[in-house]
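All of these numbers come straight from a predicted model, not from anything done at the bench.
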Number of protein chains: 2
Amino acid sequence: MKKANPHLDCQFCDARFKSVFCDLTKAEVSELNEQKGCATYKKGQDIFKQESYPHGIYCINAGKVKLFQLAENGREQIVRLAKSGDLLGYRALLGGEKYTSTAEAIEETSICFIPKQLFFKFVETNNAITLQVMKMLSNDLKNAEHKITDLAQKPVKERMSEAILFVKEVYGFEKDNATLNVVLTREEIANIAGTATETAIRILAELKEDGILEFIGKKIKVLKINELLHSANLSD
Amino acid sequence: MKKANPHLDCQFCDARFKSVFCDLTKAEVSELNEQKGCATYKKGQDIFKQESYPHGIYCINAGKVKLFQLAENGREQIVRLAKSGDLLGYRALLGGEKYTSTAEAIEETSICFIPKQLFFKFVETNNAITLQVMKMLSNDLKNAEHKITDLAQKPVKERMSEAILFVKEVYGFEKDNATLNVVLTREEIANIAGTATETAIRILAELKEDGILEFIGKKIKVLKINELLHSANLSD
DNA sequence: AAAAAAAGATGATGTAGGTCATGTTTTGAA
DNA sequence: TTCAAAACATGACCTACATCATCTTTTTTT
């Protein structure tokens, strides 16, 4: 399953330059190289689980990850999506608490683990990182509060349209500039929008009827992004 | 309306010791004293408005504040509650963005304003503050993500019970250890729970019938906190 | 003290969307 | 290549909750 991969060198890591570690000094990079651990996760594997304690943070080298909370009724609510260059687990680590969500690979994913001592050392000595981390948290919080308002006020169709746009925001389009660059099940999309799987399926069918979406294999292509924005009740 | 109050001295400010500024050096305190501005806000007055730009942060000296987002349908969704010692406006300032919510006094409130230059100086030079700020953001994010899951999964009665418990968590009880130490309208409670005002009124009446709550004037008394926890579908 | 406005309360009504049931298609394992 | 399990799809039903309307009580303004 999870296999160690000792070959990654932070010095040349593409993901690092997209991450909060982009401005590390040479000394810091080599420290990172020594202490970090790397592993790959198959689709469906957990990186960490809700209710367990953090011992460091994870940095996604390649792949895609969903963070979700399990409700009593057994349904998963997806609270964040992460991609190459994104960090995982900083919320719990910085808050000094257990994980409040589970991180699971939604495709083959390669991740580096950074022990908490090193991460805190960086945070305490490198101001650029600190500010980046605060920006990250601020952005997460903005998104979360926006979602709260949506869930409380918007009807499902608008939330489903927003969910598609959110996925696009995180993972982007393929070279055709229209097909979502990720494979998600209907259930996962439902768990982003906060609705039942059957409802998500029906609404996606509607959006297809409207000529706004098209399904190509397991992927979703956005034919009319402006109409999708409109359907989400957002100005463009 | 908003009147300046030059008499507060940070050196002896009770609220400061409850805030992220509790560990300031003497020099830092006097710097704070020189640059800060103080004002009082009447019930219903805005401290800042959604969509405007932050120029600093606010520290509540005394009083209570709600932060809400205005949805297209005109309803307010309350995303946070704040009390003495709490900071306001750091999300937008640290994220380098506009305010995404409006802050409004829910009772006579006295607040100090700290210019952004000084706040960033503190953040950059004082590690304790930095860590506290990150903890604050982490905690807000935890609460927000929990609320997302609730809104997506729980029925109104559970959310209403949780809303009461949330208010208790923030503002606490009076000396009787049962009466919520704040006056909120039914509409405001509805806007915390994410439901219609009429529904909130009906559910509160139910909780009263259940013998869990009692209404004393404009205040809410919790008669059976364990049953309230149970009604919120939370373990105690 | 009177008038106006806001808050609280309650009933009647309609519907969005959740749940259940069943069937088909796709995927993946053996 | 076959079989089992996910994933996808669609119809039928039902109820939780929003909306609307009306009324009373409390608060605020003049």
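- Nucleotide dT27(C) holds its P atom 17 Å from the CD atom of Glu187(A), rounded to whole Å.
- Using a 4.0 Å cut-off between charged nitrogen and carboxylate oxygen, Arg16(B) and Asp9(B) do not count as a salt-bridge pair.
- Rounded to an integer number of Å, the gap from CG of Leu207(A) to P of dA9(D) is 13 Å.
- Counting to the nearest Å, the C1' atom of dG18(C) and the NZ atom of Lys154(B) are 18 Å from each other.
- Not one N or O on the side chain of Ser110(B) forms a donor-acceptor pair closer than 3.5 Å with the backbone of Thr40(B).
- Asp14(A) pairs by the salt bridge (charged side-chain N to carboxylate O under 4.0 Å, His left out) definition with nothing, not counting sequence neighbours.
- The Glu198(B) side chain lies nearest to dC20(D) when the options are dA7(D), dG18(C), dC20(D).
- Across the protein-nucleic acid pair, Ile189(A) atom CD1 and dC8(D) atom C1' stand 12 Å apart, rounded to whole Å.
- Summary of helix geometry: the two end axes of the helix from dA1(C)-dT30(D) to dA30(C)-dT1(D), each defined by five base pairs via their C1' atoms, are inclined to each other by 60° (rounded to 10°).
- Residues Asp46(B) and Lys49(B) are paired through a salt bridge, judged by an N-O separation under 4.0 Å between the basic side chain and the carboxylate.
- With distances taken from any side-chain atom of Pro155(B) to the nucleotides dG8(C), dC17(D), dT10(C), the minimum falls on dC17(D).
- Of the listed nucleotides (dT19(C), dA7(D), dA9(D)), dA7(D) has the atom at the smallest distance from the side chain of Lys218(A).
- Between the side chain of Asp210(B) and the backbone N or O of Ile212(B), no donor-acceptor pair lies under 3.5 Å.
- Under 3.5 Å, the side chain of Arg202(B) and the base of dT19(D) form at least one donor-acceptor pair of N or O atoms.
- Look at Thr195(B) and you'll find a side-chain N or O under 4.0 angstrom from OP1 or OP2 of dA18(D).
- Summarising the geometry, the separation between CD1 on Ile203(A) and P on dT10(D) is reported as 14 Å, rounded to the nearest angstrom.
- Remark: Lys157(A) is not in phosphate contact with dA16(C), judged by side-chain N or O atoms under 4.0 Å from OP1 or OP2.
- A salt bridge is absent between Glu107(A) and Lys42(A); no separation between the charged side-chain nitrogens and carboxylate oxygens falls under 4.0 Å.
- Salt-bridge annotation for Glu104(B) and Lys43(B): absent, with no side-chain N of the basic residue lying under 4.0 Å from a carboxylate O of the acidic one.
- Along DNA chain D, the nucleotide nearest Leu184(A) and the nucleotide nearest Arg75(B) are compared for position; the residue whose nucleotide lies closer to the 5' end is Leu184(A).
- Going from atom CD of Glu209(A) over to atom P of dA9(D) covers 12 Å, rounded to whole Å.
- In this structure, Phe215(A) places its CZ atom 7 Å from P of dA9(D), rounding to the nearest Å.
- Contact annotation for Thr197(A): no contact, since no heavy-atom pair falls under 4.0 Å across all strands.
- For Asn191(B) and dA7(C), the CG to P distance is 11 Å, given to the nearest whole Å.
- Distances shown here put every side-chain N or O of Thr199(A) at or beyond 4.0 Å from the OP1 or OP2 atom of dG17(C).
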